[in-house]
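Just below is one structure, and these are the notes that go with it.
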Amino acid sequence: MQWLQLDLQFFSGEKTEKATPKKRQDARKKGQVAKSQDVNTAVTLLALFLLLMITGHSMLQSMLDLFRHSFQDLMLLEISEENIQVLMVGILKDMAVMLAPVMGVALIAGMASNIGQIGFMFSPESIQFKLEKLDPIKGFKRIYSMRAIVELLKSILKITFVGLITFFVIWQRMDEILILSQKSVYAAIATLADITVSVGLYASGALLFLAMLDFLYQKYDFEKSIRMSKQDIKDEYKNIEGDPLIKSKIKQKQREMAMQRMMQEVPKADVVITNPTHYAIALKYDESKQEAPYIVAKGVDFMAQKIKYVAKENNVILMENRPLARALYDQTEIGQAIPEEFFKAVAEILAFVYKSKGKI
């Protein structure tokens, strides 16, 4: 029997269950999400080479114009500190205008790839400084962990795959490369630029394909890392909803306090209507509080006996009316005025009570 209990404890501790929404939310707050950095790199490279393919000719022309004008200005201007400063500022402005589209596309592609993977996320906790990150032992374990081996294999696969595609693209354009020396400088630069863009597009496409596979692996690895055991789920439920034992004790304490407050109101009642053994309803009429008589206490069985005992101890009159006691118990709550259908019956009882006490 003992070994069976140990087995049950062991299996309850196995992380075989999918993470709960709260577990995922907590992990996200810590910056732990399924994300592949290769997707960011591949999307950014692909966007940049597409931009170069579309605007490459105009960018090349702008670059040549920039060099031409710069050298011409340098040859014509008098060499002085002020002239050189003006020339450099002009060159930097022209270069900024020329590179602005490239930087903008890189920024947009990087943001789009991040949002596409994890959505909008801001996690201050993930950038907090922690001394444990400087622990050399933990760093050594990370270097020689299974994850590090997987990353190494991925890097080898990327280099091999992208390298082969690059080789085949260049090999197909080898004839153009061999006759570059026979072309003009402008034509040679244009050919090399075209070959570079072609290689970049194919390589980026291959890297994007590998990145999507890596994203699927990262998603699987993330789901595996946040798995929970049955005991973890129970503990989380207790933390959210509260321990059932503690909740039951709180409810019991609340009932005891409500009962105590109710019993304190019994001596103030005008009359207690009884079944006579099973039900007891304490009524009070106070024009300043409610327009009709209202319930100050009610109970069944043991509680009914306790109400009757307190009423007798405080000289509150007990009146037996079985159907009225049962109906009031079922249809009214403590502090609630009696329904209109019981006005006549209760009025007769209160009239008798007040007459007995000499109030009327």
Side-chain angles (χ1 to χ4, degrees), residues 14-54 101-128 130 132-133 138-139 141-169 196-229 232-233 236:
E14 272 193 304
K15 298 185 182 298
T16 57
E17 307 301 314
K18 288 185 177 180
T20 61
K22 184 180 183 304
K23 174 75 172 180
R24 295 177 185 278
Q25 186 178 4
D26 292 342
R28 189 176 179 85
K29 288 180 180 178
K30 297 177 182 178
Q32 299 173 0
V33 290
K35 175 185 174 183
S36 172
Q37 192 61 41
D38 291 344
V39 173
N40 297 350
T41 304
V43 170
T44 302
L45 284 175
L46 186 60
L48 288 176
F49 281 112
L50 285 173
L51 175 68
L52 291 175
M53 183 181 69
I54 297 170
V102 177
M103 303 300 292
V105 168
L107 178 63
I108 293 172
M111 292 178 61
S113 59
N114 265 302
I115 294 173
Q117 291 186 84
I118 62 176
F120 292 95
M121 185 183 74
F122 177 70
S123 176
E125 187 173 345
S126 62
I127 58 176
Q128 288 179 354
K130 296 180 181 179
E132 61 185 25
K133 293 181 179 180
K138 290 184 178 180
K141 289 180 179 179
R142 283 195 296 267
I143 293 174
Y144 292 96
S145 63
M146 180 58 67
R147 187 176 183 86
I149 296 174
V150 172
E151 293 296 328
L152 175 63
L153 294 175
K154 280 165 45 184
S155 298
I156 295 173
L157 178 63
K158 284 187 290 186
I159 293 172
T160 304
F161 194 55
V162 174
L164 286 173
I165 289 179
T166 302
F167 171 77
F168 284 119
V169 173
T196 302
V197 171
S198 297
V199 170
L201 286 173
Y202 281 104
S204 300
L207 188 60
L208 183 60
F209 172 74
L210 294 177
M212 296 308 296
L213 296 179
D214 180 59
F215 175 73
L216 295 177
Y217 167 75
Q218 296 294 343
K219 193 172 182 62
Y220 162 78
D221 187 60
F222 173 72
E223 291 293 333
K224 184 179 178 182
S225 67
I226 62 172
R227 280 180 187 171
M228 303 172 69
S229 65
D232 291 336
I233 296 176
E236 182 184 281

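- Val199 and Val169 get closest at one heavy-atom pair: CG2-CG1, 3.7 Å.
- Atom-to-atom distance recorded for Leu45:CG and Asn40:CG is 11.0 Å, nearest 0.5 angstrom.
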In sequence, state the C-alpha distance, the side-chain angles, and the governing distance for Phe168 and Tyr202, and then conclude on side-chain contact (heavy atoms from CB on, under 4.5 Å). CA-CA 10 Å; Phe168 284 119; Tyr202 281 104; over 6 Å; no
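- One finds the CD1 atom of Ile226 at 10.5 Å from the CG atom of Asp221 (value rounded to the nearest 0.5 Å).
- The shortest non-hydrogen separation linking Lys35 to Gln218 is O-CG, 3.6 Å.
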Step by step, work out the side-chain contact (heavy atoms from CB on, under 4.5 Å) result for Met111 and Leu107. CA-CA 6 Å; Met111 292 178 61; Leu107 178 63; 4.1 Å; yes
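- For the pair Ser204 (side chain) and Leu201 (backbone), a donor-acceptor distance under 3.5 Å is absent.
- Of all the heavy atoms in Val162 and Ala203, the pair that sits closest is CG1-CB, 3.7 Å.
- Around the CZ atom of Phe222, the shell of radius 6.0 Å holds more than 12 heavy atoms that belong to other residues, nucleotides or ligands.
- Taking CD of Gln37 as the reference point, atom CD of Gln117 lies at 8.0 Å (rounded to 0.5 Å).
- Nearest heavy-atom pair, Val39 versus Phe215, reported as atom, atom and distance to 0.1 Å: CG2-CB, 4.1 Å.
- No side-chain heavy atom of Asp38 sits under 4.5 Å from any side-chain heavy atom of Leu210.
- Of all heavy-atom pairs spanning Ala211 and Ser36, the tightest one is O-OG, 3.9 Å.
- The number of heavy atoms from other shown groups lying within 6.0 Å of NZ (Lys154) is above 12.
- Rounding to the nearest 0.5 angstrom, the gap separating the CD1 atom in Ile159 from the CG atom in Leu164 is 11.5 Å.
- Residue Ile108 holds its CD1 atom at 11.0 Å from OG1 of Thr44, rounded to the nearest 0.5 Å.
- Taken to the nearest 0.5 Å, the CD atom of Glu223 stands 8.0 Å off from the OG atom of Ser225.
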